[in-house]
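Naming convention: chains lettered A, B, ... in sequence-line order (proteins, then strands); numbering from 1 in each chain. All heavy atoms count here, side chains included; hydrogens, waters and symmetry mates do not. Predicted, not measured: the structure shown is a model, and the values here were computed from it.
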Amino acid sequence: MNFKDTLLNGNEGLFKPASLTPMQKLALRFVVTGILFYGLTALEGMIMRVYQVKPIPTFNSEHYFSLLTAHPLVGIFGSSYSIVFGAFLFLVPFFMKKPLWSIKMGNWTFILVAGGTFVFWFSDFLTHFAPLYTLYWPLPADFTQFNPLSGSFFILGIAIVMVGTLLFVFNIFKTITYTPEGYEKVPGCAMLASATGFSWKESIFRRKSKRRENLVSLPVAAVARGTVDTLLNALIITFTGVLILVYMIAAVMGFNLEHSAIDALLYKNWFWWGLDLIADGLVLIFVAGTWYILATMISGKELYMARIARLALWVELVVSWTVWSHHLLSDQAQPGYLKVVSGELVTAFELITQGLAFFITLITLWSARPLKMTNPLKFLLGGLLGFGLAVPAGIIQADIGLNRILHNTQWIVGPHVHVAILVGLTMTLYSAIYLLLPILTNGAKLYSQKLANFHFWAHLTGGIGMGAFMGMAGLKGMLRRTIYYEGEYRIYMILAGICGALLFLAFLAFLYNIIMTVGIKGVFGIFTPAESDTKELLPENK
Amino acid sequence: MVNSELVLNGQTYAYTIYAIVVILFILGFAYQVTKPGKAGVLKTSLFVVLVVCLTVLGVSLHITTSKTIPWVPMDLNRADIKPDKVFNITVVKHQFQLPSDKLEMKKGDIVVFDVTSNDLTYGFGIFRQNKTMVCQMQVVPGHKNDLMWKFEESGTYTIRSTEYSGPEGHQMILKDVVIVNE
Ligand SMILES: [Cu+2]
């Protein structure tokens, strides 16, 4: 096949969008859109990397901080949420051997998450509303700095994403508990208890001979537990968004509501409680669950210590509800006992739960030795390494003594946040994408293994390198969320910029490889309505 | 003498060594897992040892830092310690308002920076001439933000906001306003 043919029809013309079931299309829509939003996030990241080497004169601080506001939100909601939602809406029915409760609702989740992300990104792009994702009170309601109308559109975009998220949560729990037509009656409540972990005593304390089988398999339990945090988090963000909207709409109508009606510290506590349900909750739980799924699929073996893994997921869920204070270790009015118990001790549990997931995954892989070094295995090991580096970095900053000299430095956002997200989370998601690609596309063949290898090495070294150089600058006092005009940390920022460029090249190689695999016609074919209306996951003749 | 520069250097070495070990471990695993050989399954007892190690690691970090870093006990008990000097600072509209042009003290004095915000959430950080951080805290409106500190070295220090407070916030720098005399 010549280049033009491959570009249009995909590698060897193997990908036929007309053969896709509605479920395959649903999952692929999420994944493709998630990849494109990742590209947007990476591009924003690159502009900021250049700006940190040398501030661009035509590009004022308002520009810079609106980029800084949009960047993490597009990355988390537009990219990570999309890919994860798409994968799990497909995998929960896959593991439960019954159809998704509502494919239509799944498609609405897709439209709302992608559309909402576009709305807040675009309003930010046009108007430079820049309160950062932290939204520290009363900054989002400071109308001497920001226009309340532009802020309203921004918050509206976030709200649309949250509605899509709530539909996802509903769809997942409904799929776990409902009885499809013609199926044997499903014990809904017992399923829910098993999935969320509230029947944990059963599996731990009962004698082996008396123990009942778990109603829900481990991968589904992992998805369900992460989804609990997704729900709680969506409620907190929605509540906070409504509160900010009240101030904005009042201002648009000419009233000025008193900022002091909201206690800034209390607000910071509940908002970080909600945000940590993402960072220390659903991300860690979904990632651990995905590692288990990938490890068992790659090795073809049972998960090592599956019972302990199940318990650890439950502990992780409870831990994620009680760790938020590590973000308030430098708030002097925050009570000391919350700093010590929630901020330090409960947080240290993440080292244990994530460490368990790390070793259980490795031991499971080891039990199938020798394995072929496939793309899914490579990227899975990269993902494990990412969390192996980023979790201890987080434990270090969640320390009263060290936080005093690390808070808001580049250390936090480099070796901890970016290594966790770029190397840990994203490489885990890439592993899942490479693994699911043939299943979701009815046998499309990857265009180039050389490009996949380049994607792997450039992403891994770029991600770790960028985190390392940001971390070094942070330990030398470089702050995040600010601009340096005198070239203060230039050498570190040049090195971090080179690593960032490597990450960006890795993404371009991956994007090109995927487009050449499915073809441009294939990409568009994913977004047209499916020809069959089957509720099955895969075409029947397969 | 333990100051924040020493702690930062110690952390740099400790974490770098850790990172190299983890990277080598995963590389070694990747190499070995593709080699033919017996796939021995790890014994349960060994697995338990692993978990205990993780627990000890997690908890001992905080115990070690609270025993070795001098500003931790001072911070937790600052209500009961009588300072040698208190500096009352106000922040409003992205401006620090100091009680005097320069904040002067003697080396070894226990001082308190009591910072009040009249509008937004800010940060308050003190930096050395070489730009490394001495210490910082958050400045939350409607609350008492007091940072107790003991300077171990004489010299001149810069104040800078360490928290984002809108696009104007990055200019909140007061150069060389803290003076610690011998
Ligand atoms: Cu956190």
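Between chain A and the options B/V72, B/L57, B/L27, B/L147, the largest number of non-hydrogen pairs under 4.5 Å is found for B/L147. Among B/N9, B/L8, B/V33, the residue with the largest count of heavy-atom pairs under 4.5 Å with chain A is B/V33. With chain A as partner, the option from B/V51, B/L76, B/N145, B/L50 having the largest number of non-hydrogen pairs under 4.5 angstrom is B/L50. Chosen from B/H143, B/Q138, B/K144, B/H62, the residue pairing most often with chain A at heavy-atom distances under 4.5 Å is B/H62. Interface remark: of the candidates B/E168, B/Q171, B/K131, B/M172, B/K131 forms the most heavy-atom pairs closer than 4.5 Å to chain A.
In terms of the side chain to side chain contact (heavy atoms under 4.5 Å, CB included) criterion, residue partners of B/Q129 (sequence neighbours excluded) are, by chain and number, B/T156, B/D176. The salt bridge (Lys or Arg N to Asp or Glu O under 4.0 Å) check on B/E163 picks up A/R481, with sequence neighbours excluded. The side-chain hydrogen bond (donor to acceptor under 3.5 Å, both in side chains) check on A/S431 picks up nothing, with sequence neighbours excluded.
With a threshold of 4.5 angstrom between heavy atoms, A/Y304 approaches chain B through side-chain atoms but not through N, CA, C or O. There is no contact between B/R128 and chain A, counting heavy-atom distances below 4.5 Å. Both the backbone and the side chain of B/L54 come within contact range of chain A, each with at least one heavy atom under 4.5 Å from a heavy atom of that chain. Of the two parts of B/I26, only the side chain, counted from C-beta on, holds a non-hydrogen atom closer than 4.5 Å to a non-hydrogen atom of chain A. Contact annotation for B/V140: only side-chain heavy atoms (C-beta onward) come within less than 4.5 Å of a heavy atom of chain A. Residue A/L329: no heavy atom, backbone or side chain, is found under 4.5 Å from chain B. The contact between B/T44 and chain A is made by backbone and side chain atoms together, counting heavy-atom distances below 4.5 Å. Contacts of B/S66 with chain A are absent, with no heavy-atom separation under 4.5 Å from either backbone or side chain. Contacts of A/H259 with chain B are absent, with no heavy-atom separation under 4.5 Å from either backbone or side chain. The contact between A/D142 and chain B is made entirely by side chain atoms (from C-beta outward), counting heavy-atom distances below 4.5 Å. For B/I23, the parts lying near chain A are the backbone and the side chain together; criterion is any non-hydrogen pair under 4.5 Å. For B/V134, the part lying near chain A is the backbone, with the side chain staying farther off; criterion is any non-hydrogen pair under 4.5 Å. Neither the backbone nor the side chain of A/N60 comes within less than 4.5 Å of any heavy atom in chain B. Neither the backbone nor the side chain of A/A468 comes within less than 4.5 Å of any heavy atom of chain B.
The aromatic rings of A/F379 and A/F456 sit perpendicular to each other, their planes meeting at more than 60°, with 30° as the lower class boundary. Ring geometry for A/H128 against A/H63 counts as tilted: the plane angle lies between 30° and 60°, on a 0 to 90° scale. Relative ring orientation between B/Y164 and A/F65 is described as tilted, the plane-to-plane angle lying within the 30° to 60° band. Ring orientation note: the planes of B/F25 and B/F29 are tilted relative to one another, at an angle of 30° to 60°. Taking the six-membered ring where tryptophan is involved, the planes of A/F59 and A/Y51 are perpendicular, since the angle between them exceeds 60° and thus also 30°.
The side-chain heavy atoms of A/K476 and A/Y492, taken from C-beta on, include a pair separated by under 4.5 Å. B/M137 is not listed as a side-chain neighbour of A/D331, based on a closest heavy-atom distance of 4.5 Å or more.
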Next item on the list: Give the C-alpha distance, both sets of side-chain angles, the deciding distance and a yes or no for side-chain contact (heavy atoms from CB on, under 4.5 Å) between A/T482 and A/Y484.
Entry: CA-CA 7 Å; A/T482 189; A/Y484 289 93; 3.7 Å; yes
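Around the NZ atom of A/K372, the shell of radius 6.0 Å holds no more than 12 heavy atoms that belong to other residues, nucleotides or ligands. Annotation for A/E488: atom CD counts as buried by contact number, over 12 foreign heavy atoms lying within 6.0 Å. Other residues, nucleotides and ligands contribute over 12 non-hydrogen atoms within 6.0 Å of the OH atom of A/Y485.
Among residues 101-123 of chain B, the residues having any heavy atom closer than 4.5 Å to a heavy atom of chain A are, in sequence order, B/D119, B/L120, B/T121.
The residues A/K339 and A/E344 are annotated as not salt-bridged, no charged nitrogen and carboxylate oxygen being separated by less than 4.0 angstrom.
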